[in-house]
Structure formats: structure tokens, C-alpha cells
Amino acid sequence: MRVVVINSGSSSIKYESFNLNGLSSAAKGLLECIGAAKSRLKHRWLTPAGAWEEIAETRPVADHREGFSFILEVSGRARADSAETEVFAVGHRVVHGGEKFREPAIIDDATLREIEALIPLAPLHNPANVRGINVMRELLPRVPQVAVFDTAFHQTMPPRAFHYALPYDLYQSAGVRRYGFHGSSHYYVAKEASRYLGIPSDKLNLITLHLGNGASATAIERGKSIDTSMGLTPLEGLIMGTRCGDLDPAVHFYLARKTGRSFEEIEGILNRESGLTGICGTNDMREIQSRVSGGDVRASLALEMFCYRIKKYIGAYYAALGSVDAIVFTGGIGENSAVVRGKSCEGLAGIGISLDGRRNIASGSGIREIQAEDDRVKILVIPTDEEREIAQQTVEVVGRAKDHGR
Ligand code: ADP
């Protein structure tokens, strides 16, 4: 049997199918450009002989419903040579779970209404997640569906960390507070760190740095998130591919008055035209690094700013935690960019954080230790796997519900 994980975005659907037994990956794919004249689907699957094969197809896909049908059709064709395909459960990534969801939830009509009620908090993300859920419930009505929330892992933050210093009423009436995101990734790498170091999670203090196109830092005290850099929305905190991260809130009013731009336009600038892209024109860290080598001043500035912001968060979370067992780098940049890891940890030897230059640049897959030999704080590179974490949580929740029903 299979566990299918769906990450439904505004114009894309990412999915992965796992064997229930052992949660090994069986197939995965990405449909992009939904709503455009040509939507691209790339589907990969593992053949019984143990080799990955790939189909790429392009066709017009008007909406998510057509998108899912397209995926089912293509994956059905690919499945002709692999026997067991019955779906045990579907896990949906849902970006915002508000304060309501501290844990993953089986999706029924009531859960769906609650997720819809959270749309005002995440207008750029939750509507597409809901669309994915609706279509999958229709297509597989008898299969349990589970929502796994990006925010849930951070619901352990204490009030002093999650409140903004705004009129308290805005928290009570409008839910304005820090929620944090990338929860499945921070949780997954924290568990991996615990396993790797042989230290139980409830005895482990970590700073986890998820550095991909979106980026966030989390302070984890004895296995629980006590602070994180993303806030009410994923816009706050670290500098990202196209998002600005921390910013004086007065910039919004100043821009509105000075340039006459609407709130929607400013929201677009801060979310899609800022961050690394805003400074040097690209969000691709590989390109930035190669431009830096060629002497490109803007690319150097973007890289310096990106790493300096990370370093500030390491310092802040070190202070919040009091003692740190390990710093974890993950995400496309965290896992692959020795330059970013090196610069982000520069000058921190005084607080027991220093990288070993050779270990940092050594290539390798899996978990790696890159701190200097006798350093107090371990520095780990841990590949993240959010889909697998969602699959794991989906299986656990469905298993518990079934036990309960017995
Ligand atoms: P997403 O948040 O979209 O899942 P990823 O986690 O895949 O993003 O990270 C994408 C980022 O990782 C891009 O900036 C990309 O340039 C960067 N990246 C991927 N491989 C490397 C590499 N070998 N060196 C430096 N950066 C890399």
C-alpha cells in the first residue's frame, strides 16, 4: 500500500508516493504552470528493478482538478509495471494551522471548514492547499486524508516569543502573532540530529537553519520549538530568494506615501521582488556564488547580507537557548553551499562555534559533521525530507484513529 503526500501550491502540485512499509519513496513528481497555456508535468517512479524512470509531458491544464487528473493518468500509466498501488492515506501539506492545529488532523468537513477559516491569515498559501484537499477527497473518497501543518511544530513557543508588541486586542481579535513555518522540516532534521548524535530529543538543544528558496531559523530547546524567525506569515526573518525577511514596518507606509503604490503592490514587492533577487537579480545561490567569483559587486552584497542575517539569528537563538548542542544546516542552500555555511559561522569561535574548512567543503550525502575537531557546538549538515515527514505523521495519525475506532 502507498501513502501519498500532496503539496498543492497556487500554480503547482508537488507530490510523492511512499511504500507504507518502511516509507521508501516509490514515485514523485511536479506539475508546474497550472493555468498557463502549457503546464509541465515531470513524473518519476521506481521500477521493480530498482531504477528511477521519468516521464515529462506538457499540456494545457486549466486548474487543480485537471492537474490532479493529469497526474493520476500519467502515474497510472507508469504504474503498469509496478504491482501494489492501493492508497492507505493521503497527507496534505497545509501552510497555516493557526493556533487551532498543534498536531496533524484527519480531514473531515469540520476540519476543512477550520482550515478555510484560516485563509485570511495565509491568503497566498492556504487556498491552494484547500483546493488540493477538495479534489483529492473527491477523487479518493474512501481514503483517509490528513492535514499536516507547517505551523504546528512551533505551537510550543512561549508567549514572550510569539507575541508582537502590538495592542493586545489585535492578538485576541485578529490572531496577530508569530506562528512560524517550515515546521515539518525543522522537526524532521531535529529528529535526525537526535538519532545521529545518540541524544534523546528531550535532552537536545539545537539551532536549525532551513535555507532554501524560503528560509527560516528555529531555536529548539529539549526537542521543542521555542522561537522561530518566520512570523504571522513566511515573510519575516531571514533573507530569502525573493522575500525581504526582517524589515522596519514603517517601510510599508513610507513606500505607500512616497510612491503611491497600493498595499497589494507593496505586498508583491516584499514577497516576490525582494531578498536575494531584489539585491542582485537572481534567487539562485549557485549563480550568485559564481558571480561573486567573477567579482560581481551586487552578488557579493547579496551573499554577505544573506549570511550576516543568519549569523545574527544564530547569536540571538544561542542567547535564547543558553546552551546549544548543535547547529543544523538544511535546505537546498544549507545542504549544498559551503560558502554560506562558512560565512554564517564566521567569527563565532568565541561562543564555541567554528567550522572545519576541509570538512565543510568535503562532498557527501547523508548527515555530516563539519565543526572543528574539539569544538563544543556540533555543526551538522542534514538533508531535509519534508514529504517523508508528512508521510510519517499521516501514517501515525491514521493509525491512531484506526486504533481508536477499534
Ligand atoms: P525550495 O525552498 O524551493 O524547496 P530548495 O531547498 O531546493 O528550495 O533550495 C533552492 C536553493 O538552493 C537555490 O537558491 C539553489 O541555488 C540552492 N542550491 C542548490 N544546490 C546548490 C549548490 N550546489 N550550491 C549552492 N546553492 C545551491
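Remember, it's 1-based here, ligands and their atoms both numbered in the order they're listed. Position 1 is the first residue of the sequence; numbering continues from there. Side chains included, hydrogens not; waters and symmetry mates left out as well; all remaining heavy atoms used.
- No N or O atom of Leu211 sits closer than 3.5 Å to an N or O atom of ligand 1.
- Shown are Ile333, Leu209, Ile239; of these, the side chain to side chain contact (heavy atoms under 4.5 Å, CB included) with Ile310 is made only by Leu209.
- Ion pairing between a basic and an acidic side chain is recognised when a charged N comes within 4.0 Å of a carboxylate O; Glu236 and Arg243 show no such pairing.
- Proximity of a side-chain donor or acceptor of Thr330 to a complementary backbone N or O of Thr384 within less than 3.5 Å is detected.
- When only non-hydrogen protein atoms are considered, atom 8 (O) of ligand 1 lies nearest to Asn213 N, 3.2 Å.
- Geometric assessment of Arg178 against the ring of Phe162 yields a negative cation-pi assignment under the 6.0 Å and 45° thresholds.
- In this structure, of Gly332, Ser337, Gly214, the residue bringing a heavy atom nearest to atom 12 (O) of ligand 1 is Gly332.
- Scanning all protein heavy atoms for the shortest distance to atom 26 (N) of ligand 1 gives Met285 CB, 3.6 Å.
- In terms of protein heavy atoms, atom 17 (C) of ligand 1 is closest to Ile333 CG1, 3.6 Å.
- Side-chain atoms of Thr208 and His182 include no donor-acceptor pair closer than 3.5 Å.
- The nearest protein atom to atom 22 (C) of ligand 1, hydrogens excluded, is given as Asn336 CB, 3.2 Å; this is a heavy-atom distance.
- Annotation: cation-pi geometry satisfied between Lys191 and Tyr187 (NZ/CZ under 6.0 angstrom from ring centroid, within 45° of ring axis).
- Remark: ligand 1 and Asn283 share an N or O pair separated by less than 3.5 Å (distance only, no angle test).
- Here's the thing with His210: none of its N/O atoms is less than 3.5 angstrom from an N/O atom of ligand 1.
- Under the 4.0 angstrom criterion, atom 4 (O) of ligand 1 counts as lacking any protein heavy-atom contact.
- A cation-pi geometry, defined here as NZ or CZ lying under 6.0 Å from the six-membered ring centre and within 45° of its normal, holds between Arg177 and Tyr179.
- Looking at atom 16 (O) of ligand 1, its nearest protein heavy atom turns out to be Asp284 OD1, 2.6 Å.
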